[in-house]
Asker: 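I am attaching a structure below and will ask some questions about it afterwards.
Chain letters run A, B, ... following the sequence lines, proteins first and then strands; every chain starts at 1. No experiment lies behind these values; they were computed from the predicted model shown. Basis for what follows: all heavy atoms, side chains included, without hydrogens, waters or symmetry-related copies.
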Amino acid sequence: MFRKLHEPEGAITVYVDGIAASAEPGESIAAVLLRAAPHWSRTTPVTQSKRAPYCMMGVCFECLAIVDGIASVQTCLTLVRDGMRIERQHGKRSLSA
Amino acid sequence: MQSDAIVIGAGTVGAAVAYGLARRGLSVLVLDGDDGDYRAARANFGLVWLQGKGMNMPAYQQLTRRSVDLWPEFDAELSALTGIDLQYEHDGGLAFCFGEDGFEQRRLHLQRLHNQLGSEDPDHEMLDRGTLEKLAPKVRFGADVSGASFGRRDGHANPLKLLAALHAGILRHGGVLRSHSAVDKIVPGTQGFTIEIQGGDRFSATRLVIAAGLGSATLAEQVGLHVPLRPQRGQVLVTERVDPLLPLPASGLRQTREGTLMIGATQEETGFNTTTTSEAAAHLGHKTVRLVPALAELTLVRHWAGLRVMTPDSYPVYVQSPTYPGAFVTLCHSGVTLASTHATVIPDAIIAGRLPSILDPFHHRRFDVPKAA
Ligand SMILES: Cc1cc2nc3c(=O)[nH]c(=O)nc-3n(C[C@H](O)[C@H](O)[C@H](O)COP(=O)(O)OP(=O)(O)OC[C@H]3O[C@@H](n4cnc5c(N)ncnc54)[C@H](O)[C@@H]3O)c2cc1C
Ligand code: FES
């Protein structure tokens with residue numbers, strides 16, 4: 001769906017559901033998710049419909065994902081780091097409470 | 001415009017009374033303010049609750065108890081009429097206890113309340129930690145949770161759905177609901193009341209109900225009733241949605257049908273001030289994590305403050321003006337719990353022109369008794 005317009009310098013690697021993806025230092029996780037097939041990044045808690053990052057500025061909460069084990073992270077507000085593990089989030093979070 | 005009854009205020013209290021009056025066949029006009037007003041109905045927690053309430057006021061325990069018992073029928077009728085699911089559940093409710101002292105204090109408090117009520121079977125039982133863990137198998141409680149009291153009459157509902165359903169119910173029964181119609185002036189006449197709203201429009205009715213929450217005091221003065229009222233701030237936190245975790249609502253923590261956890265509410269004497277504070281968020285968060293440590297992982301998505309409608313002893317006021325019969329004031333701080341009463345008992349009394357004797361203790365003259373120094 002989306003692709004980078006330039007070759008990033010000093011590309012790093014993050015993992016989306018275990019699959020390596022190339023990322024540029026300084027970009028948001030949401031940007032990586034938009035480039036990674038199947039392009040949706042979570043399902044909603046009540047109706048399980050598919051969602052992808054949308055507003056890219058922290059207001060719509062569509063971009064939630066599990067980042068390094070922490071669920072419901074707003075990925076448009078979080079920058080990539082080398083080796084980061086990102087998981088698509090399905091439905092409601094389950095608490096091991 | 002002439003109606004059988006005018007209700008001032010379309011919060012949970014006014015809307016329930018208006019719905020009940022329209023349901024009994026009266027032509028009802030409801031005059032409501034706007035979002036600039038203090039509106040408890042839009043800020044509350046959604047408990048339909050008995051346990052722990054009514055210390056030193058057995059009549060309030062009775063009223064609450066009866067109201068909770070009327071809720072299933074009230075819910076069934078209102079949701080069938082409007083097609084709105086109030087998400088009402090009544091499988092009981094919990095109040096968690098910390099430490100052995102906390103457990104003992106809770107036990108004594110509920111025992112005293114039970115003694116004040118009289119001889120009937122208690123509505124509650126104390127659950128030790130082991131029993132509580134069995135009841136809530138998905139929850140891992142914090143180390144100093146000693147147990148909980150279980151109230152078998154307790155429950156919860158979605159308060160915004162309740163409000164929407166009451167408004168829809170008023171319309172379905174032929175009532176009229178006007179927002180942005182803040183009442184300025186009440187003019188009592190020989191045939192009833194003429195009401196003037198901001199902007200000058202006038203309406204009249206033979207009966208008048210003042211249920212304008214914190215806006216009620218100045219209106220009540222105009223029918224000769226002096227009702228002392230104060231706001232009490234309550235702050236609530238809301239988390240993201242999670243899989244069903246809590247099997248029952250608890251005072252201070254409940255999980256909605258959609259999965260969010262509601263945490264609250266503070267009780268603060270801060271006047272007419274609806275700002276949220278980080279101190280309250282920290283306090284509520286700390287209390288909740290002490291209860292269930294894993295909740296620290298959750299993201300908070302909302303934080304709000306609302307003002308409770310408080311009388312000096314915190315109990316409701318139901319009164320008819322002696323100077324201008326036909327004018328009633330209905331005020332309380334548990335409008336969700338009492339909605340089933342407000343939709344039935346109170347409208348019946350207003351139609352009869354006389355409040356039943358079970359409501360005598362809720363006359364505001366109780367506040368006039370001079371206090372001993
Ligand atoms: C934080 C919090 C938690 C709560 N939790 C619970 C709970 O768990 N269970 C429970 O049972 N109760 C709870 N409550 C209490 C419950 O919300 C209130 O009892 C109920 O909403 C009160 O409703 P009301 O209609 O009296 O007042 P409001 O909801 O304040 O409504 C008053 C209405 O009158 C209108 N108005 C004011 N002045 C005028 C005027 N001059 N002319 C026309 N209209 C006017 C306003 O616009 C408003 O719509 C809680 C309250 C708070 C604040
Ligand atoms: S994309 Fe809207 S909040 Fe992240």
Asker: Using only non-hydrogen atoms and a strict under-4.5 angstrom cutoff, which residues of residues 235-243 of chain B touch chain A?
Answerer: B/Glu240, B/Arg241, B/Val242, B/Asp243
Asker: For B/Lys287, which residues count as a side chain to side chain donor-acceptor pair (under 3.5 Å) partner, sequence neighbours excluded?
Answerer: none
Asker: Is it true that atom CD of B/Glu258 has more than 12 heavy atoms of other residues, nucleotides or ligands lying nearer than 6.0 Å?
Answerer: yes
Asker: Who wins among B/Val301, B/Leu298, B/Thr299 for the most heavy-atom pairs under 4.5 Å with chain A?
Answerer: B/Leu298
Asker: Look at atom NZ of A/Lys4 and say whether more than 12 heavy atoms of other residues, nucleotides or ligands are closer to it than 6.0 Å.
Answerer: yes
Asker: Output the distance between atom CG (B/Leu245) and atom NZ (A/Lys92), rounded to the nearest 0.5 Å.
Answerer: 12.0 Å
Asker: Within a reach of under 6.0 Å around CZ of B/Arg302, are more than 12 heavy atoms found that belong to other residues, nucleotides or ligands?
Answerer: no
Asker: Can you establish whether the number of heavy atoms outside B/Lys161 located under 6.0 Å from its atom NZ is more than 12?
Answerer: no
Asker: Pair up each side-chain donor or acceptor in residues 149-156 of chain B with any protein partner under 3.5 Å, not counting sequence neighbours, and list the distances.
Answerer:
residue	atom	partner	partner atom	Å
B/Ser149	OG	B/Gln51	OE1	2.7
B/Ser149	OG	B/Arg106	NE	3.0
B/Arg152	NH2	B/Pro122	O	3.2
B/Arg153	NE	B/Asp69	OD1	3.1
B/Arg153	NE	B/Asp69	OD2	3.4
B/Arg153	NH1	B/Asp123	OD1	2.6
B/Arg153	NH2	B/Asp69	OD2	2.9
B/Asp154	OD1	B/Leu50	N	2.7
B/Asp154	OD1	B/Gln51	N	3.2
B/Asp154	OD2	B/Gln51	NE2	3.1
B/His156	ND1	B/Arg254	NH1	3.0
B/His156	NE2	B/Glu89	OE1	3.2

Asker: Applying a criterion of heavy atom separation less than 4.5 Å, what residues of residues 24-42 of chain A form contacts with chain B?
Answerer: none
